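Single-structure report; data block below.
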Amino acid sequence: MTIQLHDTMAGAARELMPLEPGNVRIYSCGPTVYGPAHVGNFRSFLFADLLVRYLRYRGLRVTWVMNITDVDDKIIKGARAEGVTIGEISERYREGFLADIKTLGMTVPDVMPRATEHIPQMVELIGKLLERGNAYRTDDGSIFFRIASWPAYGRLARIDPEGMRVGERVEADEYGKDDVRDFAVWKGPKPDEPSWETAIGPGRPGWHIECSAMSMAYLGPSFDIHTGGIDLVFPHHQDEIAQSEAATGKTFVAYWLHCAHLQMGGQKMAKSTGNIARVGEVLGRGISPRALRLALISAHYRMALSFGDDSLQAASSAIDRLDALLAALAAYVSDGPDDATLSTLLDGTRRAFETALDDDLNISPALAAVFELVRELNRRIDARALSTSDARHAIGFVRDLDRVLGIAPVVVESLAPDLQKLVDERAAARTARDFAASDRLRTVLAERGILVEDTRDGQRWRRAE
RNA sequence: GGCGACGUACCCAAGUGGUUAAGGGGGAGGUCUGCAAAACCUCUAUUCAGCGGUUCGAUCCCGCUCGUCGCCUCCA
């Protein structure tokens with residue numbers, strides 16, 4: 001079975017064939033750290049995470065790079081407003097981003113390069129573009145990419161450069177452009193903006209150049225996969241292709257993957273629209289990180305996804321269901337023989353799971369396979385059809401699939417001694433049929449985040465999240 | 001205006017030219033149970049925006065209409 005991925009450039013799914021067999025090199029457009037990222041941003045980051053996790057699950061080696069954009073107009077504006085350096089602003093939100101990554105169980109990219117630490121690489125790239133005549137200087141020291149010098153311009157987004165609607169607003173520093181559609185690779189110095197002294201003159205990088213320079217610095221002039229939100233197709237990724245390929249003469253990226261927008265209130269979640277939710281806020285409403293993660297990855301990445309109280313509640317309930325199963329399997333004890341049908345069930349589940357994800361990361365049928373397994377295992381638990389080792393084996397199986405999903409609870413070996421004492425006391429109270437005491441202890445434990453449930457196997461507990 | 005995507009039950013969301021249209025959530029009833037919770041069982045779309053066409057047969061293919069959303073400007 002092969003892995004199919006929908007390539008924006010081809011406009012169709014293509015079989016993944018790594019340029020270097022067995023090693024997939026991926027670059028994902030990361031955050032611009034001018035403020036806290038919202039969950040819409042995280043949809044695209046978690047989509048890349050899912051891709052990386054699945055490829056690794058399938059045995060491929062993956063090198064994953066995600067940039068941190070730490071110099072741009074918004075950061076400069078924010079720094080000016082607070083009277084601090086752009087470094088203070090960007091570092092503050094970079095740290096917040098790293099914290100959110102951890103909260104959401106996102107794989108940490110292998111490299112997270114910062115734009116300000118790669119000015120030399122950008123300068124070198126721009127130098128090549130100047131040499132080759134693909135870029136030109138203007139009076140204010142800015143350097144622009146000449147779209148007319150790159151015939152393939154517009155292909156990624158299927159946009160005809162001739163038909164491009166030209167915005168009404170043309171920034172003051174862009175009046176010198178030969179063509180209004182040309183884009184800045186380098187912005188000339190301004191008195192109140194950060195500036196670098198370089199071989200191509202003083203100034204700061206344009207928006208797109210950092211991604212070209214940093215991706216090629218870590219992954220080479222040609223690499224496998226580039227991901228981002230669909231809103232980056234044009235102009236950002238189109239411009240990356242133009243400037244990268246013009247400079248190297250090589251194909252920049254083999255597969256372009258773009259995820260659709262997260263929607264809230266029927267519209268794209270965007271700071272400018274105001275319909276945003278942030279990780280911290282959602283968690284503050286009592287939603288668990290895993291439920292938030294599930295809500296953000298639960299639909300195919302190329303489909304618009306609705307986000308809101310309903311989707312979060314549904315995800316929370318689904319997470320509870322998974323947690324309850326794992327707790328039940330962990331508590332399960334039976335002297336009976338192994339279940340002869342178990343391996344067939346698990347094999348079928350794995351097959352369905354992989355078939356779905358092989359098909360352009362089609363997560364819905366993959367999740368369906370997991371939850372059908374949940375029901376089947378619960379059935380067997382109820383029927384006491386499993387052996388004790390079956391139950392442990394099933395836990396291992398679910399956790400193996402969860403390497404891709406990242407929604408299972410972290411393994412908890414033991415409770416804090418005081419909590420364990422309460423759990424033991426309650427078990428004793430139940431044995432003594434002192435229901436008043438056991439009910440009281442159940443309430444106490446619930447207040448401390450431990451849910452106890454009584455079953456034929458006795459009392460079992462799990463964490464409420 | 002140009003380009004593109006989508007419209008499946010109460011909500012979210014898969015799917016296939018023809019057997020029972022996944023899964024999650026919610027709702028109703030039942031079983032189990034000291035209670036609670038969890039779990040299991042049954043039910044909850046004769047129907048896939050509307051209208052035409054192709055076909056023996058279409059939700060799935062084609063066309064049109066309506067609706068929603070996105071990109072063309074910063075944007076995940």
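In what follows, every chain begins at residue 1, and chains take the letters A, B, ... in the order their sequences are listed. Predicted model, so just to flag it, every value in this text is computed and none were measured.
- Donor-acceptor pairing under 3.5 Å, judged by distance alone, is present between the side chain of A/R442 and the base of B/A36.
- With hydrogens and angles ignored, no donor-acceptor pair under 3.5 angstrom links the side chain of A/D231 to the base of B/G70.
- Taking the charged nitrogens against the carboxylate oxygens, A/R351 and A/D347 have no contact shorter than 4.0 Å, which rules out a salt bridge.
- As the counterpart of B/C3, B/G70 is assigned, both hydrogen-bonding distances of the Watson-Crick or G-U wobble pattern falling under 3.5 Å.
- An aromatic stack links A/F435 and the base of B/G34, using centre distance under 5.5 Å and interplanar angle under 30°.
- With hydrogens and angles ignored, no donor-acceptor pair under 3.5 angstrom links the side chain of A/D382 to the base of B/C32.
- Looking at A/R321, its side chain has no donor and acceptor atom pair within 3.5 Å of the base of B/G24.
- At the phosphate of B/G26, OP1 or OP2 sits under 4.0 Å from a side-chain N or O atom of A/S317.
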Side-chain donor-acceptor contacts of residues 434-441 of chain A below 3.5 Å, not counting sequence neighbours, with atom names and distances?
residue : atom : partner : partner atom : Å
A/D434  : OD1  : A/A437  : N            : 3.2
A/S438  : OG   : A/F435  : O            : 3.2
A/D439  : OD1  : A/R442  : NH2          : 3.3

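- Base pairing analysis places B/C61 opposite B/G53; the two distances defining the Watson-Crick or G-U wobble pair are each below 3.5 Å.
- Nucleotides B/A76 and B/C66 have their C1' atoms positioned 31 Å apart, rounded to a whole Å.
- With a 3.5 Å ceiling on both atom-pair distances, B/A22 lacks any Watson-Crick or G-U wobble partner.
- Only the C1' atoms considered, B/A37 is 45 Å distant from B/G18, to the nearest whole Å.
- A/Y332 carries A/R384 over the face of its six-membered ring, with the cationic atom under 6.0 Å from the centre and within 45° of the normal.
- Across every strand in view, B/A39 sits in a pair with B/U31 that passes the Watson-Crick or G-U test at under 3.5 angstrom.
- Taking the six-membered ring for Trp and the full ring otherwise, the centers of A/F223 and A/F252 sit less than 6.0 Å from each other.
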